[in-house]
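To keep things clear, I will list the structure first and then write my remarks on it.
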Number of protein chains: 2
Amino acid sequence: MTSQDAERPEAVGTSRRSKLTPEREQEFFDAVLDQLRSCGYDAVTMEGIAASTRCSKSTLYRQWKTKPQFVAAALRSNRRVRFTDIDTGSLAEDLRQAAAAAGEGMGKDTGLLQALGHAVMEDPELKGALREALVEPEIAALRAILARGVARGEVPAGHPALEYVPAQLFGMLRMRPVLEGEQADAAYLVRFVEAVVLPALGLP
Amino acid sequence: MTSQDAERPEAVGTSRRSKLTPEREQEFFDAVLDQLRSCGYDAVTMEGIAASTRCSKSTLYRQWKTKPQFVAAALRSNRRVRFTDIDTGSLAEDLRQAAAAAGEGMGKDTGLLQALGHAVMEDPELKGALREALVEPEIAALRAILARGVARGEVPAGHPALEYVPAQLFGMLRMRPVLEGEQADAAYLVRFVEAVVLPALGLP
DNA sequence: GTGTACCGATACGGTGGAGTACCGGTACAC
DNA sequence: GTGTACCGGTACTCCACCGTATCGGTACAC
């Protein structure tokens with residue numbers, strides 16, 4: 001219960017006005033993201049977050065001016081790319097691993113994408129944070145995988161199926177729950193890659 | 001403006017208590033659907049719908065007990081399938097036409113799907129209405145197209161890419177706006193079908 | 001020890017939407 | 001013509017949330 005900061009090496013000489021530790025801040029963000037995923041954007045309330053993290057609304061409003069800014073900050077805190085480490089030397093295998101990685105951990109990010117749906121339309125800051133935190137890094141990493149495959153000569157440059165690969169992966173991830181009522185897990189996505197993506201690219 | 005019922009054969013002997021004509025009812029539903037598409041579920045308010053259709057909240061609440069029930073009724077009124085008329089005798093051409101049809105008119109339905117995102121989680125009635133009105137009919141029609149192709153021998157039965165076709169189409173429709181910021185129009189979807197779906201099925 | 005500045009709690013004003021209640025008008029039945 | 005039942009309008013209660021203000025407690029600086 002008490003402030004369990006122990007030592008916090010980065011916050012020594014610098015002028016950190018807020019006494020909130022980064023860990024504490026992350027607690028807020030995690031609460032926001034959980035709430036977003038489970039109940040949608042409108043269900044994220046400053047009062048709810050304050051209550052569930054045992055802080056006060058004042059504290060939240062001291063750090064972030066408005067709710068959209070708060071949510072945007074939480075999104076940015078979530079930035080982390082899953083596809084960057086993938087580089088097996090074979091495009092087919094890279095794509096399989098990307099599919100597996102997507103299935104493993106990305107139900108979460110897809111949930112966020114879903115939750116923010118229309119809220120994004122109205123607040124440009126939210127929109128920017130969403131793209132910056134979730135969409136663009138993953139897309140870029142995926143395109144890098146594809147570019148390496150092209151550079152190795154596995155697929156001819158400009159192959160018409162190339163441009164659709166990222167959207168296909170994300171699309172399947174997003175649509176399977178809607179169409180079939182089941183999560184798009186790693187096994188499903190790997191099967192999809194092997195049944196559709198690889199053949200479309202002319203790979204075995 | 002006046003009650004333009006003319007004749008309404010179904011409402012003769014039976015006890016139709018409400019004096020609302022079906023056309024009037026459809027006005028309400030259209031307002032709900034428009035609002036859903038443009039601003040999301042939480043933006044649909046009984047007061048807003050009442051105002052924009054020049055009826056009174058009382059009227060709405062006389063017909064439907066709660067807002068979710070009202071929205072569900074509106075969804076069900078929207079049921080209409082777009083893919084059923086497609087049957088050119090060639091699977092490739094059928095899929096091209098389906099893609100075009102999807103691009104033409106279905107930004108609308110996809111908008112609904114998006115708008116209802118999480119609201120669906122909380123109200124089973126809404127969830128049922130959504131599936132019943134939007135998801136299942138289109139999927140079924142698409143599967144029928146595929147089954148005809150299989151029956152004609154254009155694609156071997158059990159081809160692994162078959163099961164993914166509906167999700168692919170819906171997925172692209174849904175993800176392009178997110179990933180590229182542009183609508184997935186008919187031309188885009190037809191190109192996608194030709195670049196990915198047909199090759200994956202082993203069609204020219 | 002003293003000061004300062006932040007934290008957590010709580011109370012408050014303001015807004016907006018869900019439902020409800022009531023009322024006058026009117027179309028249709030008979 | 002009279003009655004009935006529904007429609008549209010409006011006013012109302014209730015409630016949840018945003019964002020602000022105020023206050024006591026306390027950790028840390030010096």
Side-chain angles (χ1 to χ4, degrees), chain A residues 1-9 11-25 27-28 31-32 35-36 39-73 119 122-123 125-126, chain B residues 1-8 11-25 27-28 31-32 35-36 39-74 119 122-123 125-126:
Chain A
M1 191 63 57
T2 70
S3 57
Q4 193 67 304
D5 342 50
E7 62 272 71
R8 183 157 33 89
V12 197
T14 163
S15 68
R16 173 166 186 83
R17 309 293 296 164
S18 166
K19 285 177 185 169
L20 296 176
T21 66
E23 293 78 13
R24 183 77 170 123
E25 214 178 59
E27 277 182 53
F28 301 154
V32 171
Q35 188 67 12
L36 259 181
C39 306
Y41 178 78
D42 298 276
V44 176
T45 69
M46 300 302 259
E47 284 172 337
I49 300 300
S52 77
T53 58
R54 308 186 62 82
C55 80
S56 80
K57 285 203 296 174
S58 324
T59 304
L60 299 183
Y61 279 107
R62 260 175 231 125
Q63 310 288 328
W64 303 278
K65 301 297 179 196
T66 68
K67 168 179 159 178
Q69 284 183 26
F70 181 37
V71 175
E122 286 149 29
D123 191 297
E125 169 135 19
L126 260 186
Chain B
M1 192 61 58
T2 71
S3 58
Q4 194 68 304
D5 341 49
E7 62 273 71
R8 183 153 35 90
V12 198
T14 164
S15 66
R16 173 164 187 85
R17 311 292 298 163
S18 167
K19 287 177 182 168
L20 295 176
T21 66
E23 294 79 12
R24 183 75 172 123
E25 214 176 60
E27 277 182 52
F28 301 155
V32 171
Q35 188 67 12
L36 259 182
C39 306
Y41 178 77
D42 296 276
V44 177
T45 69
M46 301 301 259
E47 285 174 338
I49 300 301
S52 76
T53 58
R54 309 186 61 80
C55 80
S56 80
K57 284 205 294 174
S58 324
T59 303
L60 299 183
Y61 280 107
R62 258 175 232 126
Q63 309 289 329
W64 303 277
K65 301 298 177 195
T66 67
K67 168 179 160 178
Q69 284 183 27
F70 181 37
V71 174
E122 285 149 29
D123 192 296
E125 170 135 19
L126 261 186

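Every chain is numbered from 1, with letters handed out A, B, ... down the list of sequences. What you see is a predicted model; the values in this text were computed from it and never measured.
To the nearest 0.5 angstrom, A:L36 atom CG is 8.0 Å from A:I49 atom CD1. Distance check, rounded to the nearest 0.5 Å: CH2 of B:W64 to CD of B:Q69 gives 11.0 Å.
Summarising the geometry of A:L60 relative to A:F70, their closest heavy-atom pair is CD2-CZ, 4.0 Å, with the distance given to 0.1 Å.
For the 3.5 Å distance criterion, the side chains of A:E23 and A:T21 qualify, holding a donor opposite an acceptor.
Computed from coordinates, the B:K57 NZ to C:dA21 P distance equals 13 Å when rounded to whole Å. Look at OH on A:Y41: it is 12 Å from C1' on D:dC17, rounded to the nearest Å. Atom CD1 of A:I49 and atom C1' of C:dG8 are 16 Å apart (whole Å). Rounded to an integer number of Å, the gap from B:D42 CG to D:dC17 P is 12 Å. Remark: C1' of D:dG9 and OH of B:Y61 are 16 Å apart, rounded to the nearest angstrom. The distance between atom CZ of B:R62 and atom C1' of C:dC22, rounded to the nearest whole Å, is 11 Å. Rounded to whole Å, atom C1' of D:dC18 lies 14 Å from atom CD of A:Q69. For the pair A:K67 NZ and D:dC17 C1', the computed distance is 8 Å after rounding to whole Å.
Distance from the side chain of A:T66 is smallest for D:dG19 among the nucleotides C:dC7, C:dG8, D:dG19.
Where B:F28 and A:M46 meet DNA chain D, the nucleotide closest to each residue was compared, and B:F28 sits on the side nearer the 5' end. Each of A:A50 and A:E47 lies near DNA chain C, and the nucleotide nearest A:A50 is the one positioned closer to the 5' end.
Across all strands shown, C:dG1 is found opposite D:dC30 as a Watson-Crick or G-U wobble partner, with both distances under 3.5 Å. Pair assignment for C:dG17: D:dC14, on the basis of Watson-Crick or G-U wobble contacts that are both within less than 3.5 Å.
For C:dA18, its base never sits under 3.5 Å from the side chain of B:T45 at any donor and acceptor pair. Taking 3.5 Å as the limit, the base of D:dG9 and the side chain of B:R54 contain no donor-acceptor pair of atoms between them. One donor-acceptor pair, N or O on each side, does fall under 3.5 Å between the base of D:dG9 and the side chain of B:S58.
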Requested in this report: Decide side chain to side chain contact (heavy atoms under 4.5 Å, CB included) for B:R24 and B:C55; before the verdict, give the C-alpha distance in whole Å, the side-chain angles of both, and the deciding distance to 0.1 Å.
Outcome: CA-CA 10 Å; B:R24 183 75 172 123; B:C55 80; 3.4 Å; yes
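Phosphate contact (OP1/OP2 of C:dG8, side-chain N/O of A:T59, threshold under 4.0 Å): present. The phosphate of C:dC6 (OP1 or OP2) has no side-chain N or O of A:Q63 nearer than 4.0 angstrom.
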